[in-house]
Amino acid sequence: MVRRVAVVGAGSSGLACIKICVDEGLEPVCFESSDDIGGLWNFRETPEPERTSIYRSLVVNTSKEMMCFSDFPMPADYPNFMHNSQLLQYLRLYAEHFDLLRYINFQTTVRSVLQRPDFSLSGQWEVVTINKNGQEERHIFDAVLVCSGHYTHPTLPFKICIPPGWEYKDADAFTGKRVVVVGIGNSGGDIAVEISRSAEKTFLSTRQGAWVMGRMSTNGVPLDIAVIKRINNVLFQLLPKTLVNWVAERALNNKYDHRLYGLKPKHRLMERKPIINDDLPGRILQGAIVMKHNLEGFKDSRVVFEDGTVEENIDAVVFCTGYIGKFPFLPSTLSEGPYEEVTLYKRVFPPSLHPPTLAVMGLFQAKGPIMPTVEMQARWAVKVFLGQSRLPPKEKMLDVIESERRRNMQSYPCPRQAVLQVDYIPYLDFMAGEVGVQPKLLRLFLRDPALWAKVFFGPCTPYQYRLSGPGNWSGARQAIFTQWERVAQPFRTREIPENTSKFGLCSPLMLTFTGTVIIVVLFSKDKIVPTLEAVTEMLNKSTVFLRELWFSLPQNPDM
Ligand SMILES: Cc1cc2nc3c(=O)[nH]c(=O)nc-3n(C[C@H](O)[C@H](O)[C@H](O)COP(=O)(O)OP(=O)(O)OC[C@H]3O[C@@H](n4cnc5c(N)ncnc54)[C@H](O)[C@@H]3O)c2cc1C
Ligand SMILES: NC(=O)c1ccc[n+]([C@@H]2O[C@H](COP(=O)([O-])OP(=O)(O)OC[C@H]3O[C@@H](n4cnc5c(N)ncnc54)[C@H](OP(=O)(O)O)[C@@H]3O)[C@@H](O)[C@H]2O)c1
């Protein structure tokens with residue numbers, strides 16, 4: 001019987017895990033090696049070993065309505081894409097609201113997590129910690145939630161002693177310098193842009209290139225809120241992928257041609273996570289960033305690229321070549337994958353553990369926000385710990401892991417990368433199904449069509465997973481109906497009266513309607529009455545449905 005749960009780390013994942021354990025009547029004990037909550041969002045001036053390091057200017061690339069926890073919307077006045085300090089503020093509000101701090105042991109590092117000798121019967125773990133006085137302590141737990149982050153160990157393409165981008169804090173040291181940034185992930189893009197504002201010249205070297213999208217969609221609505229929708233998910237599955245890629249790439253290239261800008265990758269747009277950067281194309285346009293092929297090597301101040309070009313007088317090379325997830329405190333037997341990675345069924349459970357009393361949080365990549373996904377992982381993990389949700393047999397889990405890896409390798413040729421990828425809505429829905437909280441679309445359509453329209457046509461915000469089932473939240477429906485209000489709120493710093501001519505005589509809507517009537521009259525003179533009757537009847541029937549649809553569309557942030 002699971003009662004005491006160890007939570008390793010008090011970043012956003014650890015906080016969500018503590019809260020969910022408490023919700024389920026469990027006793028969480030969280031160990032956090034630093035002196036505060038927030039994990040990577042708690043900016044530090046100097047990088048610390050085995051902790052994720054961020055740069056001072058970091059702004060989130062997922063918007064507030066999409067990335068909040070499912071029963072705790074972000075304050076309405078928060079900007080849609082906030083600075084890292086404001087996300088930390090949100091995490092503080094969350095911890096305070098749900099009274100989570102009392103479960104956390106700060107300045108306590110988990111050194112090892114080992115199965116007890118009677119593990120096969122008890123499922124228990126021995127957790128060894130070192131406290132701030134350097135004293136070792138041993139604790140027994142019924143289950144463990146690993147929330148220690150996985151952007152802690154930078155990968156470098158060369159055996160060198162140049163500090164990686166991981167250590168980058170700001171561009172002060174690069175003023176007037178000639179700098180090469182290697183790697184075009186979100187870190188490489190952000191850091192190159194920032195350095196380029198004070199450096200003499202910034203070169204951005206990439207192996208494969210990348211699709212680059214801004215944070216904004218049509219009408220300035222946050223990109224993720226405009227795209228991550230159930231309706232789009234259905235369309236992506238139904239329509240030929242080539243067509244979807246062609247349309248989306250065309251739209252993006254209409255803004256800046258990725259080939260012309262030296263960005264174009266080998267893969268298609270929908271195959272991989274694009275990088276999110278509002279400024280990179282502009283900096284290329286201004287000549288402040290120069291795109292280059294992959295780095296072949298460097299000696300002293302001379303840098304050679306794979307196409308044979310050479311840049312002289314380079315003062316600094318900043319490697320933003322990604323991370324490898326490491327969990328030094330876990331039993332090495334859990335790193336049992338063919339590529340020595342921690343093998344996880346549905347990115348949560350090591351398949352060899354029986355009983356399944358350890359779960360790893362956040363070790364995945366998705367084209368969507370991480371925080372609500374981890375929250376759902378925690379809800380599922382706790383149900384499994386309690387025996388209320390069951391895992392398949394080990395062989396079946398291993399099969400699923402390998403088949404998902406093979407499928408993902410069509411887009412991500414690196415097997416270690418491939419295994420990390422999940423499809424955002426299907427992944428959330430899978431776990432929600434296990435927990436019993438997946439939105440029941442047919443039932444919603446019949447009982448609450450207005451809500452159904454928002455859930456199906458609107459953004460797939462985390463509140464959808466609190467509408468019904470275990471852990472449902474009475475505020476979820478209201479949170480969905482007011483989500484656009486919170487998107488619009490931070491813009492209301494200079495209120496402008498609404499354009500009253502929107503539905504006036506010269507509005508596009510009125511012109512379209514008038515044009516349609518004229519065409520109908522011209523082409524069906526003798527059938528005018530029955531035609532108009534049919535049209536009226538159809539319009540009447542559609543009115544209710546259209547009204548609901550209209551309220552779920554992002555084009556009207558005032559809704
Ligand atoms: C630069 C950057 C930007 C990102 N931007 C976004 C974004 O905009 N949107 C988004 O959805 N996701 C983003 N992410 C992904 C991000 O990783 C997750 O959103 C999430 O916040 C990670 O939280 P975490 O708690 O899992 O890990 P972390 O925030 O890394 O926290 C881990 C905690 O565990 C502690 N810890 C580690 N080891 C031990 C130990 N042995 N004992 C005790 N404590 C330990 C650490 O001190 C730390 O406090 C970004 C990631 C990076 C690197
Ligand atoms: N603003 C934000 O919110 C923000 C900012 C930064 C980071 N993040 C997040 O933080 C996480 C880590 O991002 P990241 O950019 O640090 O890492 P990343 O996403 O793993 O990107 C690493 C980049 O380095 C390249 N690379 C890897 N190995 C290389 C090699 N040997 N030689 C040349 N290039 C190599 C990769 O290129 P290939 O594609 O060619 O392999 C990739 O473009 C991501 O989840 C990201 O979304 C968010």
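Counting starts at 1 for both ligands and their atoms, following the listed order. The structure presented is a predicted model; accordingly, all values stated were derived computationally and were not measured.
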How far does OG of S198 sit from CG of D172, to the nearest 0.5 angstrom?
-> 7.5 Å
Should you measure from each heavy atom of [X], which atoms of ligand 1 turn up under 4.0 Å away?
X: F329; result: 41 (N)
X: F31; result: 43 (C), 44 (N)
X: N61; result: 7 (C), 8 (O), 9 (N)
X: V60; result: 8 (O)

Are [X] and [Y] ion-paired here, with the side-chain N under 4.0 Å from a carboxylate O?
X: E136; Y: R138; answer: yes
X: R92; Y: D36; answer: yes
X: E65; Y: R486; answer: yes
X: R283; Y: E194; answer: no

With heavy atoms under 4.0 Å as the rule, classify the contact between [X] and ligand 1 as side chain, backbone, both or neither.
X: T108; answer: backbone
X: W41; answer: side chain
X: M67; answer: side chain
X: T52; answer: side chain
X: C147; answer: backbone

Parallel, tilted or perpendicular: which fits the ring planes of [X] and [Y], with parallel below 30° and perpendicular above 60°?
X: Y256; Y: Y261; result: tilted
X: F203; Y: F305; result: tilted
X: H97; Y: F72; result: tilted
X: W473; Y: Y463; result: tilted
X: Y427; Y: F364; result: tilted

Under 3.5 Å, is there a donor-acceptor pair linking the side chains of T309 and K292?
-> yes
Any chance the side chains of S63 and D224 put a donor and an acceptor closer than 3.5 Å?
-> yes
When you measure from [atom] to each heavy atom in [options], which option holds the nearest one?
atom: atom 27 (O) of ligand 1; options: P369, G368, G149; answer: G149
atom: atom 17 (O) of ligand 1; options: I37, L40, D36; answer: L40
atom: atom 36 (N) of ligand 1; options: S33, G362, G11; answer: S33
atom: atom 9 (N) of ligand 1; options: I276, T62, D190; answer: T62

Identity and distance of the protein heavy atom lying nearest [atom]:
atom: atom 23 (O) of ligand 1; value: S12 OG, 3.1 Å
atom: atom 53 (C) of ligand 1; value: Y151 CD1, 3.6 Å
atom: atom 12 (N) of ligand 1; value: I370 CG1, 3.4 Å
atom: atom 2 (C) of ligand 1; value: L58 CD2, 4.2 Å

Pocket residues around ligand 2 (non-hydrogen, under 4.0 Å) come out as Y55, L58, V59, V60, N61, Y151, P157, G183, I184, G185, N186, S187, D190, R207, Q208, R215, R272, K273, N294, C320, T321, G322, Y323
Is the cationic atom of R272 (NZ for Lys, CZ for Arg) positioned less than 6.0 Å from the six-membered ring centroid of Y412 and within 45 degrees of its normal?
-> yes
Would R4 count as a cation-pi partner of F141, with NZ or CZ less than 6.0 Å from the six-membered ring centre and within 45° of the ring normal?
-> yes
Sub-3.5 Å N/O-N/O distance, R51 and ligand 1 | yes
With the side chain counted from C-beta on, respond yes when E404 and V419 share a heavy-atom pair under 4.5 Å apart, and no when they do not.
-> no
